[in-house]
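As structure tokens, the structure follows; a few thoughts come after it.
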Amino acid sequence: MEAKKYWNPYLAGVLLGLVLLATFLVTGGGLGASALPKRLVALGAMTTAPEWTASNPTLGHYVEAGNPLRNWLVVEVIGVLLGGFIGALSAGRFKATVEKGPRISTKGRLGYAVAGGVIMGFAAGLARGCTSGQALSGGALLATGSWAFMLMVFAGGYATAWFVRRQWI
Amino acid sequence: MTDIFPLVFANEEIRLLTAIVLGFGFGFALERGGFGNARKLAGQFYLHDMTVFKVMFTAILVAMVGLYTLVGVGWVDMARMWVNPTFMWAQIVGGFLLGIGFIMSGLCPGTSVVSAASGRWDGLVTIVGIFVGTGVFAVAVDLFPALESLYSAGSMGASVLPAVLGLPTLPFVLVVVLVAGMAFIGAEAVEDTFRARRGEVEHTPRPVPLMKFGLAGALGLVLVAGLGLAPAPRADAPSHRALEAAPVAPMTVAERIIAGDPDLMIIDVRADAGERVPGAYPVALDSTALPVLAGAGETTDVVIVDADGSLEAIPTSWPDRPRYRVLEGGWAGWDGQVLTAATPTSARADELERVRYQNGVSAFFSGAETQAGQVAAPPPMIPSGGGGAKPKRGGC
């Protein structure tokens with residue numbers, strides 16, 4: 001089956017914005033993504049070193065109320081997984097492949113992807129959120145730090161793009 | 001018109017059902033927008049495909065206009081909304097690092113989930129990397145004090161741009177919409193300049209101009225309606241609101257401090273106090289007190305210590321969220337009932353037991369005090385915790 005075209009970006013943006021607005025009105029907070037890795041790490045740490053976890057500046061408040069996975073944002077990310085899967089499947093886009101430019105090997109691309117993931121995990125810890133929780137949700141709330149974060153994400157991306165161009169173009 | 005939003009369902013099953021439904025919408029919209037494809041997202045940083053900017057900013061505009069219009073007409077209580085607390089330096093450094101990781105992976109934490117869900121191996125290994133990085137940060141912030149101070153650096157509490165810039169909210173929102181609209185036009189001109197780089201990656205269709213103007217017009221209409229319907233600010237708006245909850249007894253506070261109750265926060269409004277209740281934050285009555293009070297959640301009891309417990313009202317600028325209660329008798333009550341040893345009023349067994357217990361509590365605090373005036377008891381609820389107010393938040 002020929003894959004459907006991507007949506008018009010402004011239409012996709014309107015739908016995303018309405019989902020975010022509904023989230024604000026229903027939960028009193030925004031959407032997120034890095035809460036899942038944070039809380040899974042907190043769960044792992046809690047089972048191996050409970051005292052260290054409780055006193056850790058970033059993990060401590062996740063384990064205060066018992067199981068760190070009993071959380072709105074964790075379930076929401078499971079919803080994202082389902083939504084992404086159904087979206088790709090119904091558009092004929094579900095495919096086990098690796099997205100990369102023509103000038104890089106698959107291994108090289110996967111190496112960059114892991115390294116980028118490690119940096120983003122660290123960064124989302126430091127910034128208390130990622131592009132979903134800070135830039136998108138905090139941005140729509142006009143939170144001061146979220147706008148600083150968003151501008152710096154673009155700055156970091158543009159500053160690094162030239163060095164990793166072989167991967168993409 | 002009253003504050004009906006946010007709804008915040010009490011029933012956990014309903015709450016988690018909304019999480020699945022809204023998360024599904026989030027993932028579906030991201031996938032259909034092209035956000036499951038790392039190569040397409042990377043196009044943002046080589047200027048030939050500005051889909052990231054267009055989708056993200058359209059979403060921000062729609063949610064922002066919708067929310068602040070509802071705030072303007074009085075349907076949303078902004079005080080009950082969780083606004084990402086600002087830690088300026090942590091977010092500047094973290095944002096820059098995340099940008100570096102973004103262009104290396106081609107995905108961000110949210111889109112890596114969508115990418116993996118559409119079968120892409122690069123999305124899956126990005127998720128693995130994010131787990132590793134999350135663990136590394138949690139260990140590193142514990143090991144290196146410099147990283148921990150960066151994590152809390154530049155704390156401004158729940159700060160929003162219009163307040164920082166001293167501008168009224170709705171006109172500010174209108175300006176953001178106008179600037180973003182011009183940026184969309186600019187982004188498409190940039191895309192055309194760099195179109196030679198597109199390669200075989202599918203390009204997202206350009207909307208007809210009518211649609212863009214339709215969108216802008218709709219947002220503008222909503223805003224103007226919001227401005228028109230907004231209740232006029234009352235000139236005689238009270239600067240203080242009465243404390244409704246009953247005063248809390250010093251002994252009760254003492255017991256909760258000893259128990260390390262996380263739902264207790266103590267603030268001391270006396271200007272020049274020599275001694276304070278252990279763990280109390282000094283907060284001036286005329287301050288906005290945001291950095292401290294932003295850390296108080298819905299279930300937090302904020303106990304206010306004044307000189308004699310006569311405080312009846314607090315500034316309306318303080319957040320609505322926590323429960324404020326004055327300490328019975330103020331500092332004098334604390335000094336008399338907790339720091340001073342009690343004497344039995346009769347020889348009955350229960351009275352003697354009460355006095356023995358109370359003197360044990362007194363010894364805890366007066367003993368703690370003699371250590372060169374240091375605050376020895378565990379401080380109640382540190383407000384600078386990651387993510388702040390509600391424990392359910394703090395992720396991304």
Side-chain angles (χ1 to χ4, degrees), chain A residues 6-9 12-13 15-17 19-21 25 28-29 32-35 37 41 58 72-73 75-76 79-80 83-85 87-88 96 98-99 112-114 116-123 125-127 129-133 138-140 142-145 149 152-153 156-157 160-161 168, chain B residues 5-6 16 19-20 23-25 27-29 31-34 38-39 42 45 54-55 58-60 62-64 66 82 84 86 91 94-101 103-105 108-110 114 117-119 121-122 125-126 129-131 133-135 137 159-161 204 207 385-386 395-396:
Chain A
Y6 290 121
W7 279 353
N8 166 336
L15 181 70
L16 195 56
V19 171
L20 180 57
L21 179 59
L25 297 182
S34 54
V41 166
T58 61
W72 196 90
L73 287 170
V75 178
E76 176 247 88
V80 172
F85 176 68
V98 174
E99 295 293 345
Y112 270 119
V114 176
V118 173
I119 294 174
M120 287 191 289
F122 188 93
L126 178 59
C130 64
T131 23
S132 314
L142 295 175
T144 310
F149 173 87
M152 292 312 287
V153 169
T160 318
W168 303 114
Chain B
F5 295 112
L16 297 185
I20 282 281
F24 185 94
F28 193 86
E31 203 286 329
R32 287 301 169 92
R39 216 178 158 195
F45 296 101
K54 292 185 211 168
V55 173
T58 308
I60 288 177
V62 169
M64 173 184 71
W82 186 86
N84 307 53
T86 294
Q91 281 151 346
F96 195 81
L97 282 175
L98 199 129
I100 295 174
I103 189 58
M104 287 174 69
S105 157
C108 65
V114 178
S118 35
W121 292 106
D122 45 325
V125 299
T126 298
I130 290 169
F131 274 101
T134 303
F137 179 76
S159 158
V160 290
L161 286 175
T204 304
C396 140

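Side chains included, hydrogens not; waters and symmetry mates left out as well; all remaining heavy atoms used.
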Worksheet item: Under a 4.5 Å cut-off applied to non-hydrogen side-chain atoms, are A:Leu25 and B:Pro6 in contact?
Response: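 The answer is no, as the side chains (C-beta and beyond) never meet within the 4.5 Å cut-off.
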Item to complete: Report yes if some heavy atom in the side chain of A:Tyr6 is under 4.5 Å from a heavy atom in the side chain of B:Arg32; otherwise report no.
Response: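 No, side chains not in contact.
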Give the member of [options] that has the highest number of heavy-atom pairs under 4.5 Å with chain B.
options                             : value
A:Ala88, A:Ala12, A:Ala96, A:Gly117 : A:Gly117
A:Val19, A:Val80, A:Val114          : A:Val80
A:Val41, A:Leu15, A:Val75           : A:Val75

Between [atom1] of [X] and [atom2] of [Y], what distance do you get to the nearest 0.5 Å?
X        : Y        : atom1 : atom2 : value
B:Ile130 : A:Ile119 : CD1   : CD1   : 11.5 Å
B:Leu161 : A:Leu142 : CG    : CG    : 6.0 Å
A:Trp72  : B:Ile20  : CH2   : CD1   : 10.0 Å
A:Met120 : B:Ser105 : CE    : OG    : 4.0 Å
B:Gln91  : A:Leu126 : CD    : CG    : 9.0 Å
B:Leu97  : A:Thr160 : CG    : OG1   : 9.5 Å

Counting heavy-atom pairs under 4.5 Å with chain A, which one of [options] comes out on top?
options                     : value
B:Ile103, B:Leu16, B:Thr126 : B:Ile103
B:Ala29, B:Ser118, B:Gly135 : B:Ser118
B:Gly110, B:Gly25, B:Cys108 : B:Cys108

Specify the closest pair of heavy atoms between [X] and [Y], including all atoms of both residues, with the distance to one decimal.
X        : Y        : value
B:Thr134 : A:Pro37  : OG1-CB, 3.8 Å
A:Val98  : B:Trp121 : CG2-CB, 3.7 Å
A:Gly133 : B:Asn84  : O-ND2, 2.8 Å
B:Ala117 : A:Gly84  : CB-C, 4.0 Å
A:Ala113 : B:Val125 : CB-CG2, 3.6 Å
B:Ala63  : A:Gly17  : CB-O, 3.6 Å

Worksheet item: Quick check: does any side chain N or O of B:Ser159 sit under 3.5 Å from a backbone N or O of A:Thr144, one acting as donor and the other as acceptor?
Response: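 Absent.
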Discussion item. For B:Thr58 and A:Leu16: C-alpha separation, side-chain torsions, deciding distance, then whether side-chain contact (heavy atoms from CB on, under 4.5 Å) applies.
Written reply: CA-CA 8 Å; B:Thr58 308; A:Leu16 195 56; over 6 Å; no
Worksheet item: Taking it one step at a time, do B:Leu98 and A:Phe122 satisfy side-chain contact (heavy atoms from CB on, under 4.5 Å)?
Response: CA-CA 8 Å; B:Leu98 199 129; A:Phe122 188 93; over 6 Å; no
